[in-house]
Amino acid sequence: MINKPETTSDHITAEKAQSKIDYQAFVRSFGIIAITLLVGVVLSLLSPWFLTSENILNVIRQSSFLLLIAIGQTLVIITAGIDLSVSSVISISGCLTTFLLLKGIDLNLAFLAGVVSGGLVGVLNAFLITIGRMEPFLATLSTQIIGAGTILYATQGVPIVPFNNDSFSFLGRGYLGWLPVPILVVAVVAILAHFMVSHTVFGRHLYAVGGNPKAAKVSGIDVDRMISWAYVISGLLAGLAGVMLASRLISGQPSAGVGMELNSIAAAVVGGASFFGGEGTIYGTVAGVILIGIIGNGLNLLNVSSFLHQAVIGSVIVFAVVLDRQMKKRRT
Amino acid sequence: MDTALLVKDVSKKFPGVQALNSVSLEVLPGEVHALVGENGAGKSTLINILSGVIKPDSGEIFLIGNKVEIENPLQARRMGISTVYQELSVVPQLTVAENIFLGREPRGRLRLLDKESLFEQSSQVLEAIGYQIDPRRRVGTLSIAEQQMVEIARNVSADSRILIMDEPTSSLSRAEVQKLFGIIAGLKEKGISIIYVSHEMEEIFEMADRITVFRNGENVATVSKTGTTPKELVKMMVGREVEYMASKKTLKEKALPELLTAKALSNHRLNNINLELGKGEILGVVGLVGSGKTELARALFGLDRIEGGELFVQGRHVKFGSPLNAIRNGLGYVTESRRDDGLVLMLGVQENICLVIVRQLARWLGLVSRAPEKSVAQKFVQGLDIKTAGLSQKVEFLSGGNQQKVVLSKWLARRPTILILDEPTRGIDVGTRQEFYTILEGIASEGVGIIVLTSDVLEALRVSDRILAMRKGEIVAELNPAEISYRSILEIMTGGSRDDK
């Protein structure tokens, strides 16, 4: 009975901490969604075209390629890593698929080959990082440069245009009813990925490895294996994005992915992922991608020079990251 | 002869504890003066005052007869008081010379770095302390001992009078210790006084001229090396014989079925370790920092390589190679530092408690089953009385004792047969500590074999059925807690059991 008051005071401080976290967790996870909605409202007031179902579907379809990559990127960032190679993977997989089609290979096989090529780049990244002990930044920068050079050499910088083939363009341009196929694909991937990080042992281990690799190791988690899987999945998703983009463009473009690695990182970080690892959600990343997408779309509708788009998007990233750091500071 | 340093009636009080109580100390020029005492005896507080890290509440300090006020570390250095801490602060990417002159680099024309003179002056400094090394080498390529020499070179300048060394040998090999002593002897000849904090009796008796014993914030005695023995020193450190109540249950029968047996285990930090752990037994392993306790735990748990010897679990010969294998063989390991490698701070209480068993709880396709997970976490939060606002509370926000209970729960949830705990109550308040010991006894009574590695002798005496003492990577004694005194254990840990010199 003597220590009763102590116990209650303990509980009170703990409760205070809890309410503090709730607020922060809310801001971290839902703040980005709130900002996205707010930007949407502002844009719909500024432009009558913005809030039409046609425009919204268009924005989401345009964003779907980036979203596929950003999902993989999020997994990698949760492990405290980074994947810069995804831009080259997009070019490689798109060109490989169109090349195989041109050679008369079966459509499904050609798709599969494109996706798998991305997975192989992921395997290479994983190898360099876990066995080669390279910094993720350097390892994936290297594979990005190697990949970009190889694909430019192989194609001589010329796009590969397969015979016009409706079933090929279906993946990137087709509709199921009113729903664009890329949106359907990315929605399925996003739901699976969300489920994986939040409801499976794999996901739990992923956060543990990113949050504290030493503690994860002591707890019997194979840290290198988890990190490897993150890069392989990121590669596979980038491969899928490349195939889908080639289908959309009905051609394999040797520079199709340039710049997308940075946009995917930006989207993940804006969505709450932290470079220190152990933090990040799929829904946050979805909101991050859509935010970047609607800002670009809104600026287009408002006839703002496309040269200015990047500056605006860059500012959004600064805002999100500064917010993130301030949160961290307040917590400690 | 003038005194180099005179400390007069210095007191310092921290909230709830009188760290120094009117302490006086006299250090002669060119003297190696050892400070000994148990943890919390006041050595560190005095060092921190002398090096300007903290200020005393009262008392005076004289440097060669002049009264001084030491306001901050920089000023302490300017006065000629240098301190080499246990934790090295060299920059591994820079060269030896760059480290020595870090922050006071010689400048040439246009205020540019004068490399020529940097290397030249460094050579002079190194020569002055009698240490031969190429000043152009990168510090990162040096051994810990060599880095320590660089740290000394950096701290000793022409006007150094007092060099304070805080447990400088705790991470050095025997040969390296000899090298360090060579340097110290050289400094001594130059008239520099050395204040040397250590637990190692052997080294103290080799190197020190005089020894001051601290106990409970007071200077108990300053004695000349020739006038005392290691045994006497330990006796002074402990004071009146600590009456240890053998409140322990009567010792268990020896015929316990064996859970864990190590035969002649060796690796780069361990030498010929033999141990046996019985069912329901609590085995205490005591040793100072650097004695190899943590290395032993890591080797047993498959985190560090075992280069020689064999390990048996319940009679089966095992080779773990990874923690997962150790876990599958029924081991659990509560690490020394919960923040470092025990917890994932940004995850919740439930996620941390279930980190190891999440695999076992998972269903088809590795889906996490929240309900059983929650009930496991709930059980431990209630059972071990973990004070938390909820199961989703991030463990970062829990107190040290509650964090430690979360780490313990993580392993208990896996129902281990062998549980290794490294410094289980470090940084935990006294009340929670007792609670912890009761929990451990409860677990042991269910048949789990427990190894408690600790530098706290009282803790070992309190929980252990049997105690092994470690020194320098070896087990040096097996002790019966009901028969051995606190002092004898301390003697064994510090190598101070000899009556001679």
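Order of the sequence lines sets the chain letters (A, B, ...), proteins ahead of strands, with each chain counted from 1.
- More than 12 heavy atoms of other shown residues, nucleotides or ligands fall within 6.0 angstrom of atom CZ in B:F14.
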Apply the test side-chain contact (heavy atoms from CB on, under 4.5 Å) to residues A:V218 and B:W411: give CA-CA distance (whole Å), side-chain angles for both, the deciding distance (0.1 Å), then the verdict. CA-CA 11 Å; A:V218 171; B:W411 293 110; 3.9 Å; yes

Evaluation steps, side-chain contact (heavy atoms from CB on, under 4.5 Å), between B:V344 and A:Y207: CA-CA 9 Å; B:V344 185; A:Y207 284 104; over 6 Å; no

Give the C-alpha distance, both sets of side-chain angles, the deciding distance and a yes or no for side-chain contact (heavy atoms from CB on, under 4.5 Å) between A:R204 and B:R359. CA-CA 10 Å; A:R204 187 69 59 80; B:R359 278 177 215 271; over 6 Å; no

Carefully, step by step, assess A:N212 and B:L343 under the rule side-chain contact (heavy atoms from CB on, under 4.5 Å). CA-CA 7 Å; A:N212 189 346; B:L343 297 166; 5.7 Å; no

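- Of the residues considered (B:T335, B:L398, B:L367), B:L367 shows the highest number of contacts with chain A, using heavy-atom pairs under 4.5 Å.
- B:R370 approaches A:S198 most closely through the heavy-atom pair NH2-O, 2.6 Å.
- At a threshold of 4.5 Å between non-hydrogen side-chain atoms, the residues B:L303 and A:K217 count as touching.
- A:I221 pairs in a side chain to side chain contact (heavy atoms under 4.5 Å, CB included) with only one of the listed residues (B:V356, B:V358, B:L324, B:L355), which is B:L355.
- The pair A:K214-B:D340 meets the salt-bridge criterion, with a side-chain N (NZ, NE, NH1 or NH2) lying under 4.0 Å from an Asp/Glu carboxylate O.
- Ranked by non-hydrogen atom pairs under 4.5 Å with chain B, the options A:G203, A:P213, A:G278, A:A208 are led by A:A208.
- For B:Y333, the parts lying near chain A are the backbone and the side chain together; criterion is any non-hydrogen pair under 4.5 Å.
- Applying the 6.0 Å contact sphere to CD of A:E135 captures no more than 12 heavy atoms from other residues, nucleotides or ligands.
- The number of heavy atoms from other shown groups lying within 6.0 Å of OH (B:Y437) is above 12.
- Neither the backbone nor the side chain of B:Q360 comes within contact range of chain A; no heavy atoms are under 4.5 Å apart.
- Of all heavy-atom pairs between A:V201 and B:A362, the closest is CG2-CB, 3.3 Å.
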